[in-house]
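Order of appearance sets the numbers: ligands from 1, and atoms from 1 within every ligand. Worth saying up front: this structure is predicted, and the values here are computed from it rather than measured.
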Amino acid sequence: MFITFEGIEGTGKSTQITKIKDYYESLGKTVFLTKEPGGSRVGTELRKMLLHVDNKDITPITELFLYLADRAQHIEQVIRPALDAGDVVLCDRFADSTIVYQGYGRGLDTTILKQLNEVAVNGLWPDLTVVLDIDPEIGLKRATLRNIEDGKAKEEGRFEAEHLSFHNRIREGYLTWAALNHDRMEVVDASATPDEVFEKIKAVLECHRSKTD
Ligand code: TMP
């Protein structure tokens, strides 16, 4: 089972992923947590490049290819082996981030992005994608604060430094893209408390399980 988590900055994805890991482990599953960018050894280097605020001069096309390179390496070296071993793989961001950030956000053609994603994922798409939805103003404040608290404002802050209008496009992009892919993608309101959000996600996971079992 391969489940991915998406959303704008500051939706609480990491908190939820930890809760979902505990949930699957309580069902006796082995869970493997990973993320993009940065889920492989090479990807760790690409992540540094992609997220550092000093790299504001990266062009949209360069950015695109760095994310795709990260994904191709991640799929073959990390995700596919974990799935082959029978793990439940929970991934913080995946190919939908490219459609939404580089497409709806940067203005690249989403049809071409879809084709390039196909090359990068090499046939491996998630069984389910949970999109956490929140007001960008709230999310951005949370994410900026978290980066400062973690001492990573420079190392991880390139997207948080984007204008609010960019983050509004990302949110709308996720809602549009999720509606176009409703067979795989589920939007969950992330504005409630972490426990309440988790209950909603758990309901989505259980509904998906009952359909596939
Ligand atoms: P995060 O790990 O804190 O979510 O940061 C990753 C950032 O990278 C986030 O702002 C979204 C962005 N991103 C893209 O623009 N395209 C992609 O394909 C991926 C995976 C992430």
Side-chain angles (χ1 to χ4, degrees), residues 2-18 33-40 42-53 55-56 58-75 78-79 89-110 112-121 124-126 129-134 136 139-174 177 185 190:
F2 179 25
I3 307 175
T4 60
F5 297 83
E6 296 280 351
I8 63 163
E9 326 307 308
T11 53
K13 273 187 286 102
S14 321
T15 307
Q16 293 304 326
I17 290 171
T18 308
L33 295 190
T34 188
K35 67 177 176 188
E36 288 195 0
S40 64
V42 167
T44 306
E45 296 305 313
L46 295 172
R47 181 180 177 95
K48 287 182 199 157
M49 251 182 250
L50 280 161
L51 301 189
H52 202 290
V53 283
N55 291 338
K56 286 203 180 97
I58 291 181
T59 75
I61 304 277
T62 305
E63 182 181 270
L64 166 67
F65 281 107
L66 290 175
Y67 279 113
L68 292 169
D70 172 72
R71 184 158 309 128
Q73 188 76 6
H74 190 206
I75 279 276
V78 178
I79 297 179
V89 175
L90 305 180
C91 186
D92 186 341
R93 297 194 183 280
F94 191 62
D96 300 302
S97 279
T98 298
I99 301 285
V100 173
Y101 280 79
Q102 281 62 59
Y104 294 99
R106 303 284 192 221
L108 301 182
D109 183 336
T110 52
I112 295 175
L113 295 181
K114 201 163 178 282
Q115 290 165 352
L116 291 171
N117 259 337
E118 292 288 353
V119 177
V121 309
L124 214 170
W125 282 94
T129 298
V130 176
V131 180
L132 295 180
D133 180 55
I134 202 167
L140 202 54
K141 267 190 206 139
R142 275 196 204 165
T144 307
L145 196 70
R146 179 204 55 211
N147 281 348
I148 293 169
E149 282 171 1
D150 294 352
K152 289 184 172 168
K154 280 194 80 141
E155 285 81 357
E156 299 255 324
R158 192 166 70 90
F159 282 86
E160 283 79 358
E162 290 284 346
H163 197 268
L164 185 60
S165 60
F166 176 82
H167 295 280
N168 283 327
R169 282 204 301 284
I170 300 299
R171 187 212 201 162
E172 289 308 315
Y174 269 122
W177 187 242
M185 298 177 78

key: Heavy-atom gap Leu51 to ligand 1 smaller than 4.0 Å   = yes
inquiry  = I'd like to check which ligand 1 atoms, numbered from 1 as shown, lie under 4.0 Å from a non-hydrogen atom of Pro37.
reply    = 6 (C)
ask   = Which of the atoms of ligand 1 are close to Thr98, meaning less than 4.0 Å from one of its heavy atoms?
value = 17 (C), 18 (O)
query = Short N/O distance, under 3.5 Å, between Arg93 and ligand 1?
reply = yes
Under 4.0 Å to a heavy atom of Glu9 - the qualifying atoms of ligand 1, by number = 9 (C), 10 (O)
inquiry  = With a heavy-atom distance limit of 4.0 Å, tell me whether Lys35 approaches ligand 1 through its side chain, its backbone, both, or neither.
reply    = neither
request  = Tell me, with the steps shown, if Tyr104 and Ile170 meet side-chain contact (heavy atoms from CB on, under 4.5 Å).
outcome  = CA-CA 6 Å; Tyr104 294 99; Ile170 300 299; 5.6 Å; no
note = Given the options Thr34, Asn117, Ile75, Phe94 meets side-chain contact (heavy atoms from CB on, under 4.5 Å) only with Ile75
inquiry  = Consider side-chain contact (heavy atoms from CB on, under 4.5 Å). Of Thr4, Val89, Leu90, Ile3, which one does Pro126 pass it with?
reply    = Thr4
query = Is the shortest distance from a Lys or Arg side-chain nitrogen in Glu162 or Arg169 to a carboxylate oxygen in the other one below 4.0 Å?
reply = no
query = Backbone or side chain, does any N or O of Glu156 fall under 3.5 Å from an N or O of ligand 1?
reply = no
inquiry  = With heavy-atom distances below 4.0 Å as the criterion, list the atoms of ligand 1 near Gln102.
reply    = 14 (C), 15 (O), 16 (N), 17 (C), 18 (O)
key: Closest approach of any protein heavy atom to atom 12 (C) of ligand 1, naming residue and atom   = Tyr67 OH, 3.1 Å
inquiry  = Counting only heavy atoms closer than 4.0 Å, does ligand 1 sit against the backbone of Lys13, its side chain, both, or neither?
reply    = side chain
inquiry  = For Gln102 and Tyr67, which I'm curious about, is there any donor-acceptor pair between the side chains at under 3.5 Å?
reply    = no
message = For Arg71, which part has a heavy atom under 4.0 Å from ligand 1: side chain, backbone, both, or neither?
response = side chain
inquiry  = Residue-level breakdown please: for Arg47 versus ligand 1, do any non-hydrogen atoms fall below 4.0 Å on the side chain, on the backbone, on both, or on neither?
reply    = side chain
message = Once rounded to the nearest 0.5 Å, what's the spacing between atom CG of Leu113 and atom CD of Glu118?
response = 12.0 Å
request  = Identify, by atom number and element, the atoms of ligand 1 in contact range of Tyr101, meaning under 4.0 Å from any of its heavy atoms.
outcome  = 10 (O), 11 (C), 14 (C), 15 (O)
query = Is Arg146 salt-bridged to Glu160, going by a charged N under 4.0 Å from an acidic O?
reply = yes
query = Do Tyr101 and Arg93 get their side chains close enough for a donor-acceptor pair, meaning under 3.5 Å?
reply = yes
Whether Phe159 and Phe166 hold their rings parallel, tilted or perpendicular, with breakpoints at 30° and 60° = tilted
